[in-house]
Amino acid sequence: LTPLLVVGLLDASGVPIEALDASVLENLSEEDLGGIEADCYWCLTKILSEIFDHYTHGQPGIQKMVQRLKEIIRRIDSPLA
């Protein structure tokens, strides 16, 4: 979450990363902070939706990726498969 927050703060404040400190928060409006929060939430939701299947019972996401890898190997190097 921290990298998402840093990117949002840099974008909203316009300061270089070297100058990013707690005083930047004091200079941002409630609207800016709300926008940063919404953007972080949206990004985190997208990230979690992509990896969710990898961490559920039976790990269907990982199994699907392994199956795709097997198919690619079979097409490229059949004896190896």
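Atom set for the values below is all heavy atoms of this structure, side chains included, hydrogens, waters and symmetry mates excluded. Numbering of residues begins at 1 and proceeds along the displayed sequence.
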**OP:** Could you tell me whether Glu71 and Arg68 have a side-chain N and a carboxylate O separated by less than 4.0 Å?
**Re:** no

Original post:
Near Ile51 CD1, under 6.0 Å, is it more than 12 heavy atoms from other residues, nucleotides or ligands?
Top reply: yes

Original post:
Would a hydrophobic clustering, with Ile, Leu, Val, Met, Phe, Trp and Tyr connected at side-chain separations under 4.5 Å, put Leu5 with Leu20?
Top reply: yes

**OP:** Group every Ile, Leu, Val, Met, Phe, Trp and Tyr by side-chain heavy-atom contacts under 4.5 Å, then state whether Leu33 and Val15 land in the same group.
**Re:** yes

Original post:
How long is the gap from CG on Leu4 to CH2 on Trp42, to the nearest 0.5 Å?
Top reply: 10.5 Å

Original post:
Can you check side chain to side chain contact (heavy atoms under 4.5 Å, CB included) on Ser13 and Leu28, steps first, answer last?
Top reply: CA-CA 7 Å; Ser13 68; Leu28 293 174; 4.3 Å; yes

**OP:** Test side chain to side chain contact (heavy atoms under 4.5 Å, CB included) on Leu25 and Leu9 and set out the steps.
**Re:** CA-CA 8 Å; Leu25 292 172; Leu9 289 171; 3.6 Å; yes

Original post:
Is any side-chain heavy atom of Arg75 less than 4.5 Å from a side-chain heavy atom of Ile72?
Top reply: yes

Original post:
Could you go step by step and tell me if Cys40 and Leu44 meet the side chain to side chain contact (heavy atoms under 4.5 Å, CB included) rule?
Top reply: CA-CA 6 Å; Cys40 287; Leu44 185 60; over 6 Å; no

Original post:
How many angstroms lie between atom CD1 of Ile62 and atom CG of Leu69, to the nearest 0.5 angstrom?
Top reply: 13.0 Å

Subject >> Spacing of Glu30 atom CD and Glu37 atom CD [to the nearest 0.5 Å] >> reply: 10.0 Å

Original post:
Does the side chain of Val6 reach to within under 4.5 Å of the side chain of Pro3, using non-hydrogen atoms?
Top reply: no

